[in-house]
Amino acid sequence: MTKHIQADRLAKIERLKEAGISPYPARTPGEPVPIASLMDDFDGQEGQSFYIAGRLGQVRDFGKLRFSHLQDRTGRLQVAFSRDDLADFWPNRKLIEANDIVGVQGELGRTKKGEPTLWAKKVDLLTKSLRAAPEKFHGLTDQEQRYRMRYVDLFANVDVRRNFIIRSKLIREMRAFFDAHDYIEVETPVLHSIYGGAAAKPFKTHHNALDIPLYLRIAPELYLKRLLVGGLERVYEIGRVFRNEGISTRHNPEFTMLESYEAYADYNVIMERVEGLFDRICAKVIGGHVFTFRDSEYNLEPPYEKLKYIELFAEHNSGLDWFDVDGVMARSKALGVYQDGLSHEKLANDVFEETVEPQLKGPVFITDYPKAICPLAKASEDDPRIAERFELFLGGMELGNAFSELNDPIDQEQRFECQIDDKDPESINEVDYDYVTALEFGMPPAGGLGIGVDRLSMILTGSTSIRDVLLFPLLKPLPEGSDATALPEVEEEEGGKDGS
RNA sequence: GGGGGCGUAGCUCAGUGGCAGAGCAGUGGCCUUUUAAGCCAUUGGUCGAAGGUUCGACCCCUUCCGCCCUCACCA
């Protein structure tokens with residue numbers, strides 16, 4: 001590991017110690033003010049003395065005068081170091097360089113060219129950096145390095161912070177919205193002994209003391225609805241779910257879902273909730289309803305368009321009836337999405353995804369899905385083949401999924417058992433009978449909603465990859481000894497386990 | 001998993017079958033108003049890894065590793 005540390009910086013550590021300066025002092029000798037607070041009323045505070053702290057930028061050296069910038073979480077401000085003002089510090093000035101974290105006590109003023117500047121009177125090294133700064137103009141551009149060393153990306157490419165600040169505000173406004181509607185935020189288990197609530201492959205793990213298999217949740221849904229039975233009536237959870245599937249610009253194995261459930265509401269009420277939620281988010285997070293994503297302009301001013309799934313299906317497939325078994329099979333073959341062994345419902349939905357979804361720009365609610373593909377949604381009272389479900393599409397992505405929740409325990413049990421019979425290897429493998437039991441005690445009629453927080457963050461930040469809204473997206477670990485993740489040497493195990 | 005692209009100094013990137021390059025960063029100088037500062041000098045390389053072809057490979061071939069894009073699965 002030491003091989004990768006800059007030898008010149010290590011040498012400076014030694015020289016600092018000789019000069020009696022700690023490279024890693026425990027305390028900051030002043031109370032830093034946010035740089036933004038100085039910039040907000042610069043003229044009014046000119047001539048006054050302040051203490052600021054942050055990471056030092058590139059040094060511009062003029063012999064008896066040096067300039068640099070200091071960056072904290074709120075902004076950056078030029079700092080000037082003059083020999084005449086810094087008798088003690090001056091001989092050691094070269095031991096402090098770009099990337100170091102320093103505190104500066106100084107006086108606010110401008111340079112001849114008008115640049116706001118803190119004229120240093122006292123300089124404290126707070127943390128010595130052993131690594132060189134990325135290139136000052138281009139920053140860190142290598143995608144792999146940026147994801148693997150996000151901690152560098154964040155300070156070298158300050159714009160990156162913006163995405164995560166937006167994401168944070170988004171989540172704050174989601175909470176505020178549901179809190180304002182008298183929901184309570186809850187936390188349900190992440191470790192499930194039976195996984196369900198979605199069609200996805202789980203991560204499997206094991207609990208040692210109980211000696212039982214456990215799964216990381218693929219959705220919180222079934223636990224949240226148990227809370228409706230318990231009388232909590234309005235609940236939401238913002239949390240991580242895990243799906244053991246592919247990785248792409250739209251998929252990460254762990255991602256964040258918002259799920260909410262509201263008793264005595266149906267999916268029509270939930271549509272209004274979604275509009276209200278997005279309205280609030282637009283106003284509070286991006287300050288407007290019109291924005292550009294992937295070169296297209298979107299307007300999130302409610303109300304949003306509502307289109308029926310079955311009608312859209314017919315429209316984009318020459319009038320084909322979704323329930324026409326032979327017709328759908330022929331169409332799926334014509335489109336090249338046909339696969340042996342898939343059920344009619346799965347085939348028909350594949351045809352929908354192939355022919356309709358690419359046309360959906362949004363925001364649009366796709367409503368009234370065939371019941372057969374909605375095992376947790378309540379059937380329509382007008383047409384038993386249809387479920388009261390909608391999905392929200394925006395920016396070419398599925399952002400949300402909602403329905404009037406199925407609360408008939410007998411129907412639910414049958415649908416669960418049907419899924420087990422289904423040959424689809426991706427469906428759940430065990431019925432959650434405790435959930436059925438909960439329904440037997442009576443779950444009030446309710447509307448539920450799920451929203452992909454990462455995808456919404458992508459749209460709000462204009463990111464084309466989910467990795468740009470995840471601080472630490474999952475990457476394959478580098479082989480031992482590689483630079484980017486160089487770790488302290490680990491003792492090598494002899495042989496390895498079981499020879500496998 | 002399929003297809004396309006990429007991997008060269010700490011960072012950003014050139015490069016060609018014939019001695020491994022530039023800018024930035026670093027080091028030593030000059031400079032009190034710079035802000036991608038400037039000027040002079042200078043250190044720094046397992047060219048992703050292994051194998052092959054060749055008198056000679058960073059370059060051509062094969063395999064492997066990793067990343068990005070895209071398609072498939074999915075939210």
Side-chain angles (χ1 to χ4, degrees), chain A residues 3-12 57-69 76-85 94 97-99 109-117 119 129-149 152 156-157 197-201 218-219 241-259 336-337 339 346 349-350 353-354 391-393 397-401 424-426 450-456 458 464-467 473 475-485:
Chain A
K3 166 186 161 199
H4 303 289
I5 291 178
Q6 308 282 277
D8 55 286
R9 292 200 175 229
L10 272 181
K12 285 180 187 120
Q58 220 44 252
V59 176
R60 302 177 289 276
D61 190 347
F62 275 80
K64 298 183 190 66
L65 183 65
R66 335 180 85 202
F67 293 100
S68 186
H69 273 85
R76 63 199 289 269
L77 173 63
Q78 177 164 269
V79 181
F81 306 94
S82 161
R83 185 194 61 178
D84 298 341
D85 289 340
K94 288 193 172 179
E97 61 196 319
N99 248 5
R110 290 183 189 272
T111 61
K112 283 178 186 169
K113 294 207 173 145
E115 175 81 7
T117 300
W119 296 87
S129 166
L130 287 180
R131 296 270 191 157
E135 213 263 353
K136 65 183 168 188
F137 186 59
H138 298 92
L140 190 70
T141 61
D142 183 79
Q143 281 297 337
E144 180 178 0
Q145 296 270 68
R146 290 189 47 213
Y147 294 145
R148 285 195 193 279
M149 302 206 278
V152 178
N157 305 317
K201 294 173 204 152
I218 57 175
V241 298
F242 307 85
R243 300 191 180 174
N244 204 341
E245 289 161 356
I247 297 176
S248 77
T249 45
R250 291 182 177 80
H251 300 88
N252 194 64
E254 53 179 305
F255 63 101
T256 301
M257 284 256 291
L258 161 81
E259 282 200 13
V337 298
Q339 284 178 52
K346 182 88 173 91
N349 195 44
D350 285 350
E353 286 175 4
E354 184 71 17
E391 289 197 348
L392 172 66
F393 282 83
M397 295 189 289
E398 185 195 326
L399 262 199
N401 187 16
D424 186 349
E426 289 174 26
I451 287 178
V453 173
D454 313 273
R455 289 188 172 177
L456 184 51
M458 287 171 68
T464 53
S465 172
I466 197 168
R467 294 189 185 94
L475 299 180
K476 202 171 198 176
L478 291 174
E480 202 179 329
S482 300
D483 180 20
T485 55

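Every chain is numbered from 1, with letters handed out A, B, ... down the list of sequences.
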Touch class at under 4.0 angstrom, heavy-atom based, for A:Y147 against every strand present: sugar-phosphate
Nearest-Å distance once atom C1' is located in both B:C24 and B:A37: 13 Å
Nearest-nucleotide comparison on RNA chain B, the residue closer to the 5′ end among A:P134 and A:D84: A:P134
Integer angstrom distance from the P of B:A25 to that of B:A20: 27 Å
Distance (rounded to the nearest 0.5 Å) between A:L475 CG and A:I247 CD1: 8.0 Å
Sugar-phosphate only, base, or nothing, as touched by A:L399 at under 4.0 Å among non-hydrogen atoms: nothing
Short side-chain N/O contact to B:A36 OP1/OP2 from A:Q58, under 4.0 Å: no
Interatomic distance, A:D142 CG vs B:C11 P [rounded to whole Å]: 8 Å
Base-pairing mate for B:G38 - Watson-Crick or G-U, with both contacts under 3.5 Å: B:C30
Sugar-phosphate, base or nothing in reach of A:D61, heavy atoms under 4.0 Å: base
Sugar-phosphate, base or nothing in reach of A:N252, heavy atoms under 4.0 Å: base
Partner nucleotide of B:C19 by Watson-Crick or wobble geometry (both distances under 3.5 Å): none
Nearest-neighbour nucleotide for the A:R467 side chain, B:C68, B:A72, B:A25 considered: B:C68
From OG1 (A:T117) to NZ (A:K112), nearest 0.5 Å: 12.5 Å
B:A50 and B:U8, which share atom name P, separated by this distance in whole Å: 15 Å
A:F67-B:U34 aromatic stacking (under 5.5 Å, under 30°): yes
Sugar-phosphate, base or nothing in reach of A:G139, heavy atoms under 4.0 Å: sugar-phosphate
Distance below 4.0 Å between A:K136 side-chain N/O and B:U12 OP1 or OP2: no
B:A75 - base-pair partner by Watson-Crick or wobble geometry, distances under 3.5 Å: none
5' precedence on RNA chain B between A:P253 and A:H69 (nearest-nucleotide basis): A:H69
Spacing of the P atoms in B:C11 and B:A49 (rounded, Å): 15 Å
Between CD on residue A:E115 and CD on residue A:Q78, distance to nearest 0.5 Å: 4.5 Å
Gap separating the CZ atom of A:R250 from the CZ atom of A:R467, nearest 0.5 angstrom: 12.0 Å
Touch class at under 4.0 angstrom, heavy-atom based, for A:K64 against every strand present: base
Residues in salt bridge (Lys or Arg N to Asp or Glu O under 4.0 Å) contact with A:R110, at least two apart in sequence or another chain: A:D43
Point-to-point distance, once rounded to the nearest 0.5 Å, from NZ of A:K12 to CD of A:E97: 3.0 Å
Strand partner of B:C24, provided both Watson-Crick or wobble distances fall under 3.5 Å: B:G10
Watson-Crick or G-U counterpart of B:A49, or none if no pair lies under 3.5 Å: B:U63
A:E115 (side chain) and B:U34 (base): donor-acceptor pair under 3.5 Å: no
Separation of the C1' atoms in B:A9 and B:G23, to the nearest angstrom: 12 Å
Below 4.0 Å: OP1/OP2 of B:G26 and any side-chain N or O of A:R9: no
Shortest side-chain distance from A:K94, nucleotide among B:G26, B:G10, B:G29: B:G29
Nearest-angstrom distance from the residue atom CD of A:E97 to P of B:C24: 17 Å
Distance, rounded to the nearest Å, where A:K12 contributes NZ and B:A25 contributes P: 12 Å
A:R60 vs B:A37: side-chain N/O to OP1/OP2 distance below 4.0 Å: yes
Interatomic distance at C1', B:A57 relative to B:U46, whole Å: 15 Å
Proximal nucleotide (of B:G66, B:U32, B:G26) relative to the A:E144 side chain: B:G66
Distance, rounded to the nearest Å, where A:E353 contributes CD and B:C71 contributes P: 14 Å
Euclidean distance for C1', B:A22 against B:C47 (whole angstrom): 15 Å
Selected nucleotide, minimal atom distance to A:F62 side chain, candidates B:G26, B:C67, B:U34: B:U34
Length of the CZ-P vector between A:R250 and B:C68, whole Å: 15 Å
Donor-acceptor pair, side chain of A:R243 and main chain of A:I218, under 3.5 angstrom: yes
N/O (side chain, A:K476) to phosphate O (OP1/OP2, B:G66) under 4.0 Å: yes
Sub-4.5 Å side-chain heavy-atom contact between A:D350 and A:E354: no
Sugar-phosphate only, base, or nothing, as touched by A:T249 at under 4.0 Å among non-hydrogen atoms: sugar-phosphate
Length of the CG-C1' vector between A:L65 and B:A37, whole Å: 12 Å
Distance in angstrom units between A:N99 CG and B:G26 P, rounded: 10 Å
Sugar-phosphate, base or nothing in reach of A:R146, heavy atoms under 4.0 Å: nothing
A:T141 side-chain N/O to B:C13 phosphate OP1/OP2 under 4.0 Å: yes
C1'-based separation of B:G10 from B:G3 [nearest Å]: 35 Å
For atom CG of A:L77 and atom P of B:U33, their distance in whole Å: 19 Å
Spacing of CG belonging to A:L140 relative to CZ belonging to A:R148, to within rounding of 0.5 Å: 13.0 Å
